[in-house]
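Inspection log for the structure reproduced underneath, given as structure tokens.
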Amino acid sequence: MELSKNFEPQAIDDKWYKHWLDKQYFKSVPDSREAYTIVMPPPNVTGVLHMGHALNNTIQDILIRRARMEGKNTCWIPGTDHASIATEAKVVAMLRERGIIKSSLTREEFLAYAWEWKEKYGGIILQQLKKLGCSLDWDRTAFTMDKDYYASVVKIFIDLFNKGLIYRGKRMVNWDPVSLTALSDEEVIFKDVDSKLYYVNYLLTDGRPGITVATTRPETILGDVAICVSPADERYSSLIGKEVIVPIINRKIPIIADDYVTADFGTGALKITPAHDKNDHTIGLKHKLKAIDTLDLSGKFTAAELEEDHPGEQVLSYEGMDRFALRKKITEDIATLGQLEKIEEYKGQVGTSERTGAVIESKLSMQWFIDMQAFMKKNPQSLSAVMDDSIRFHPAKAKNTYNHWLENIKDWCISRQLWWGQRIPAWYDTAGNIYVSETEMEAREQAIKRNSAFAENSVLRQDEDVLDTWFSSWLWPMEVFKGISNPGNEDVKYYYPTTTLVTGQDIIFFWVARMVMAGYEYSSVAPFRDVYFTGMVRDKQGRKMSKQLGNSPDLLGLIDHYGADATRFGVMIASPAGNDILFDESSLEQGRNFNNKLWNALKLLKMWEGRQAASATASAEGEHDLFAIRWFRQRLNQVGCEVADLMLQFRLSEALKVIYSLIWDDFCSWYLEWAKPGFEQPIDQLIYQTTVDFFSELMLLLHPFMPFITEEIYHQLEERDDDICNKQIITYNGMEKDLLATGDLLKAAVTSLRDARNKQQLKPKEQIVLHVQAENENTYKTIEHLLVKQVNASSLNYTREAVAGSIGIVMGKDKFYIETTSPFDSSAQKENLVKELNHLQSFLIAIEKKLGNQQFLQNAKPDVLMMEQKKKSDAEVKIKLIGETLLTL
RNA sequence: GGGAGUUUAGCUCAGUUGGUUUAGAGCAUCUGCCUUACAAGCAGAGGGUCACAGGUUCGACUCCUGUAACUCCCA
């Protein structure tokens with residue numbers, strides 16, 4: 001069959017993916033082999049594939065494919081996350097487009113729409129992963145809202161509640177006024193903003209100017225309950241205990257002192273608004289101050305809590321005004337009163353919602369929390385396992401981040417005011433008593449047992465809220481094997497704990513830490529052994545990929561254009577563990593070029609295939625070519641060992657680099673040239689077959705990184721019944737250093753002779769006579785045939801002295817002389833040698849100085865000393881050689 | 001404001017307990033080649049006082065201190 005000029009991935013990719021599926025290579029069932037398990041970080045159910053996923057899943061696929069080829073029973077679980085807030089936001093937006101407002105729907109109606117949406121758009125991303133070649137066990141695809149999964153989440157909530165680790169309380173939470181829900185601390189993203197600092201004067205009760213406060217949020221002024229200063233601040237000491245009047249609302253509030261305030265920010269006086277700021281809330285509690293909330297759930301002004309102040313018309317006119325409009329309006333009104341001293345530009349930070357981008361309000365609200373202090377006390381291994389490397393982080397520096405977070409852990413707000421998700425299994429009676437149980441029936445039984453006033457027909461109302469998405473995903477490694485819903489089943493016993501987790505550093509707290517916690521609480525072991533953190537994918541200029549910037553490439557488009565293998569190569573070649581990768585399409589081009597290189601090597605072999613000669617001719621001539629074979633065998637061993645070692649250390653990018661260079665440089669540029677028969681000559685059968693075997697072995701090494709082309713070439717090389725996909729990789733050990741050194745000598749000789757030819761502008765076709773003055777002639781005997789061939793020499797002679805009228809080249813401790821019929825100019829040659837000589841002489845001086853240093857001689861280790869002495873003698877030999885050569889020029 | 005990390009060739013990065021011929025790779029650049037698989041290629045070459053300033057040491061890219069810039073995390 002005629003092979004195409006270049007590698008054409010499209011048809012080949014699909015063909016092999018289908019073949020692998022047909023052969024069920026990705027399907028795993030427990031057996032006697034060692035398991036290698038990865039659970040995919042479940043992407044949002046409505047997600048589409050982007051660069052981050054490509055990187056993440058390529059890495060997982062490489063690990064899984066390598067493990068499969070090492071004889072492990074590999075199981076890679078695909079799945080999606082219901083992503084309550086993100087998905088609900090999308091469904092709400094979709095409904096709005098169709099003219100439906102969420103509040104007009106019942107919970108059941110809304111959920112019906114949500115499920116419809118999920119069925120239609122959910123899991124597109126999983127289909128897209130097939131394009132990338134991901135070898136996932138599709139039969140095990142999981143979803144965090146599957147029936148069993150849902151039940152497990154509820155079960156865990158009840159269990160933690162019964163253990164006293166979950167409580168309900170009115171606390172300051174992060175409130176998203178757009179999606180109308182509480183958020184955990186981790187879901188709040190702090191952003192730098194240009195804001196303003198407003199200086200407002202609060203008058204004393206007698207009408208005299210009292211104290212000036214700097215605030216970034218004048219709109220909350222109507223909720224002020226105190227002014228706080230530092231007790232050490234002498235400017236204000238006389239004012240402490242006095243009262244001032246809040247502008248507009250005319251409320252009298254005290255001036256108090258607290259160490260929390262630092263004298264050098266703003267004016268040194270802080271307004272205390274406990275309903276709208278976390279720190280103010282803390283101070284409020286300490287000083288027993290009331291919290292007056294002046295914003296409703298969507299961040300609009302409400303006077304509902306201001307009744308005691310008998311608000312006037314002005315205040316009532318603010319009703320329903322958005323917080324940002326209100327800020328402007330109140331500022332104007334304070335200015336009108338003459339109490340606005342000045343406005344300064346200020347660079348501050350605001351918290352925004354990770355999902356909606358809305359500016360977060362701190363808000364007092366009744367929510368469910370996990371008591372993390374108590375939880376950690378019960379499961380201290382959650383921290384220690386990472387610190388003592390029972391769970392290994394790659395890169396290890398992520399341990400610091402992990403440690404810092406866990407040491408300062410805060411309670412986890414797990415309730416969300418949403419409908420899409422696992423509904424909180426708590427029921428309330430009319431008296432407000434709480435009953436936590438799986439069903440209303442059980443809640444009712446509890447109520448009757450605990451509460452004599454509760455009658456058969458009394459009303460029970462289930463909590464309206466759902467649980468934080470991460471409260472379900474922290475069970476992922478266990479529940480994908482039904483470890484919670486069906487504890488102790490065969491799958492969970494075999495596959496759990498999983499082997500490796502591959503995920504982004506950005507969700508180390510959200511997800512990794514919590515999985516570890518859940519792992520210890522519910523299985524007494526860590527859920528995984530190694531965690532590989534990928535960096536963030538950025539664009540060429542180092543910017544984050546975002547929809548707004550429009551700098552995230554269309555991944556499927558790239559795969560169509562370059563092929564899956566080139567895409568995987570491009571993503572991997574530039575991504576050391578834990579470092580951000582700067583995505584540049586040119587690395588995909590490099591991948592595509594690599595494909596072509598492989599393809600052309602295949603074409604060369606196919607050409608040879610039809611031109612084989614019986615191996616009997618491998619007598620005198622063939623002998624020489626055996627060096628190429630013996631040498632490349634050693635290079636394969638060497639790189640095979642290196643790759644195995646790098647894979648163990650999760651240095652995947654480097655592993656790919658050494659394989660790339662082995663194939664491109666050693667195999668294509670050197671080995672194939674050495675093995676190549678003369679023009680239109682047949683190839684020795686033995687050499688041909690060995691070359692096919694080498695190429696196959698290379699494909700085996702490369703397969704985890706570039707699965708499609710390697711499978712194709714593996715089958716193109718020979719008719720075969722097996723597939724590379726589940727073939728066992730060769731275990732490499734040991735190598736012959738002498739052979740490798742001789743190979744290096746040959747390469748160096750060829751390179752320096754070619755360089756000399758270049759510098760003398762000898763045409764490639766022009767033959768030369770080569771004279772070798774070698775320290776060790778025998779080494780050259782095994783390679784002289786190849787040397788002659790590669791530098792286009794008509795003959796090679798050994799000599800003990802300089803050859804007059806030739807071009808002299810010094811390579812290490814050996815010398816070459818090129819005899820040529822064309823005239824040559826020795827000046828360039830001379831210049832080079834002088835440069836080299838200068839270099840060596842200063843090098844020698846440095847070494848002699850070192851060796852003349854008594855303290856060095858006393859302190860240095862013997863082998864270091866010996867090395868220095870060898871350097872010295874080597875340099876002396878070389879200097880002598882160059883000196884002699886210069887004399888002949 | 002607190003913490004962590006980074007700074008090595010034009011770019012992206014290696015450099016594993018301080019000594020391995022006065023720092024390596026890929027990409028990019030330059031020179032010469034359509035040489036019987038490959039111009040998406042081949043053969044060569046050039047390019048770095050290892051951010052800066054001190055210190056420890058016989059010896060520092062490597063260890064310590066400080067400074068600067070950038071990145072991330074937390075408040």
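Order of the sequence lines fixes the chain letters, A, B, ..., with proteins taken first and strands second; residue numbering starts at 1 for each chain. Nothing here was measured: the structure is a model prediction, and the numbers come from that model.
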Between atom [atom1] in [X] and atom [atom2] in [N], what is the gap in whole Å?
X: A/Phe510; N: B/rC74; atom1: CZ; atom2: C1'; result: 13 Å
X: A/Leu604; N: B/rU35; atom1: CG; atom2: C1'; result: 14 Å
X: A/Gln854; N: B/rC58; atom1: CD; atom2: P; result: 13 Å

Could you verify whether a donor N or O on one side chain and an acceptor N or O on the other, from [X] and [Y], lie under 3.5 Å apart?
X: A/Lys603; Y: A/Asn600; answer: yes
X: A/Thr691; Y: A/Tyr671; answer: yes
X: A/Gln590; Y: A/Glu585; answer: no
X: A/Thr534; Y: A/Gln505; answer: no
X: A/Gln716; Y: A/Glu712; answer: yes
X: A/Gln649; Y: A/Asp645; answer: yes

How far, in whole Å, is [M] from [N] if one measures between their [atom1] atoms?
N: B/rU35; M: B/rU21; atom1: C1'; value: 35 Å
N: B/rA37; M: B/rC61; atom1: C1'; value: 42 Å
N: B/rU49; M: B/rU65; atom1: C1'; value: 22 Å
N: B/rA51; M: B/rG5; atom1: C1'; value: 15 Å
N: B/rC50; M: B/rA23; atom1: C1'; value: 8 Å
N: B/rU62; M: B/rU8; atom1: C1'; value: 12 Å
N: B/rG59; M: B/rG48; atom1: P; value: 27 Å
N: B/rC64; M: B/rA40; atom1: P; value: 49 Å

Indicate, yes or no, whether a donor-acceptor pair under 3.5 Å links the base of B/rU22 to the side chain of A/Ser842.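 Indeed there is one.
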Check: B/rU36 base within 3.5 Å donor-acceptor of A/Lys676 side chain: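 By the distance-only test, no, there is no pair.
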Applying a 4.0 Å non-hydrogen cut-off, can you work out what [X] is touching in the nucleic acid: base, sugar-phosphate, or nothing?
X: A/Ala846; value: nothing
X: A/Asn400; value: sugar-phosphate
X: A/Lys870; value: base
X: A/Glu673; value: base

Side chain of [X] only, heavy atoms from C-beta on: which candidate in [options] is closest?
X: A/Asn859; options: B/rC38, B/rC58, B/rU12; result: B/rC58
X: A/His404; options: B/rG5, B/rA37, B/rG3; result: B/rG3
X: A/Asn600; options: B/rA37, B/rU20, B/rG5; result: B/rA37
X: A/Glu654; options: B/rG3, B/rU36, B/rA14; result: B/rA14
X: A/Ala601; options: B/rU22, B/rA37, B/rU20; result: B/rA37
X: A/Val864; options: B/rA37, B/rC73, B/rG19; result: B/rG19
X: A/Lys603; options: B/rA37, B/rU21, B/rG19; result: B/rA37

Stepwise side chain to side chain donor-acceptor pair (under 3.5 Å) check, A/Lys278 with A/Asn174: CA-CA 9 Å; A/Lys278 267 186 196 167; A/Asn174 308 297; 3.2 Å; yes
Taking only residues two or more places apart in sequence, or in another chain, which ones meet A/Glu8 in a salt bridge (Lys or Arg N to Asp or Glu O under 4.0 Å)?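 A/Glu8 satisfies salt bridge (Lys or Arg N to Asp or Glu O under 4.0 Å) with no other residue.
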Is the positively charged end of A/Lys399 above the ring of A/Phe393, judged by distance under 6.0 angstrom from the centroid and angle within 45° of the axis?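 Not satisfied by the 6.0 Å and 45° rule.
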Counting neighbours of CD on A/Gln761 that are heavy atoms of other residues, nucleotides or ligands and sit closer than 6.0 Å, is the number greater than 12?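 Counting neighbours around CD of A/Gln761, 12 or fewer heavy atoms of other residues, nucleotides or ligands fall under 6.0 Å, so no.
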Could you list, one pair per line, each protein nitrogen or oxygen that sits under 3.5 Å from a nitrogen or oxygen of nucleotides 25-27 of chain B, together with the distance?
| residue | atom | partner | partner atom | Å |
| --- | --- | --- | --- | --- |
| B/rG26 | O2' | A/Gln590 | NE2 | 3.0 |

Dot-bracket assigned to RNA chain B with the 3.5 Å Watson-Crick/G-U criterion, [ ] for crossing and | for other-strand pairs, is (((((((..((((.....[....)))).(((((.......))))).....(((((..]....)))))))))))).
Which pairs with one or both residues in residues 505-514 of chain A pass salt bridge (charged side-chain N to carboxylate O under 4.0 Å, His left out), sequence neighbours excluded?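 Those involving residues 505-514 of chain A are A/Glu186-A/Arg514.
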Determine which pairs satisfy salt bridge (charged side-chain N to carboxylate O under 4.0 Å, His left out) with at least one residue from residues 749-759 of chain A, sequence neighbours left out, and list them in order.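 Sorted pair list: A/Asp755-A/Lys759.
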Between A/Ala756 and A/Ile809, which heavy-atom pair has the shortest distance, and what is it?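 It is CB-CD1, 3.5 Å.
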Please write out each protein N/O paired with an N/O of nucleotides 40-44 of chain B under 3.5 Å, distance rounded to 0.1 Å.
| residue | atom | partner | partner atom | Å |
| --- | --- | --- | --- | --- |
| B/rA40 | N3 | A/Arg592 | NE | 3.1 |
| B/rA40 | N3 | A/Asn593 | OD1 | 3.4 |
| B/rA40 | N3 | A/Asn596 | ND2 | 2.6 |
| B/rG41 | OP1 | A/Asn593 | ND2 | 3.1 |
| B/rG41 | O3' | A/Lys597 | NZ | 3.3 |
| B/rC42 | OP1 | A/Lys597 | NZ | 2.6 |
| B/rC42 | OP1 | A/Trp664 | NE1 | 2.8 |
| B/rA43 | O3' | A/Arg754 | NH1 | 2.8 |
| B/rG44 | OP1 | A/Thr751 | OG1 | 3.2 |
| B/rG44 | OP1 | A/Arg754 | NH1 | 3.2 |
| B/rG44 | O2' | A/Asp755 | OD1 | 3.0 |

Which class fits the ring pair A/Trp674 and A/Trp670: parallel under 30°, tilted 30 to 60°, perpendicular over 60°?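 Geometry flag for A/Trp670 against A/Trp674: tilted rings.
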Assign each of A/Lys850 and A/Lys278 to its nearest nucleotide of RNA chain B by heavy atoms, then name whichever residue's nucleotide is nearer the 5' end.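 Going by which nucleotide is closer to the 5' end, it is A/Lys850.
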Using heavy-atom distances to pick each residue's nearest nucleotide on RNA chain B, tell me which of A/Arg538 and A/Lys878 is more 5'.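 Going by which nucleotide is closer to the 5' end, it is A/Lys878.
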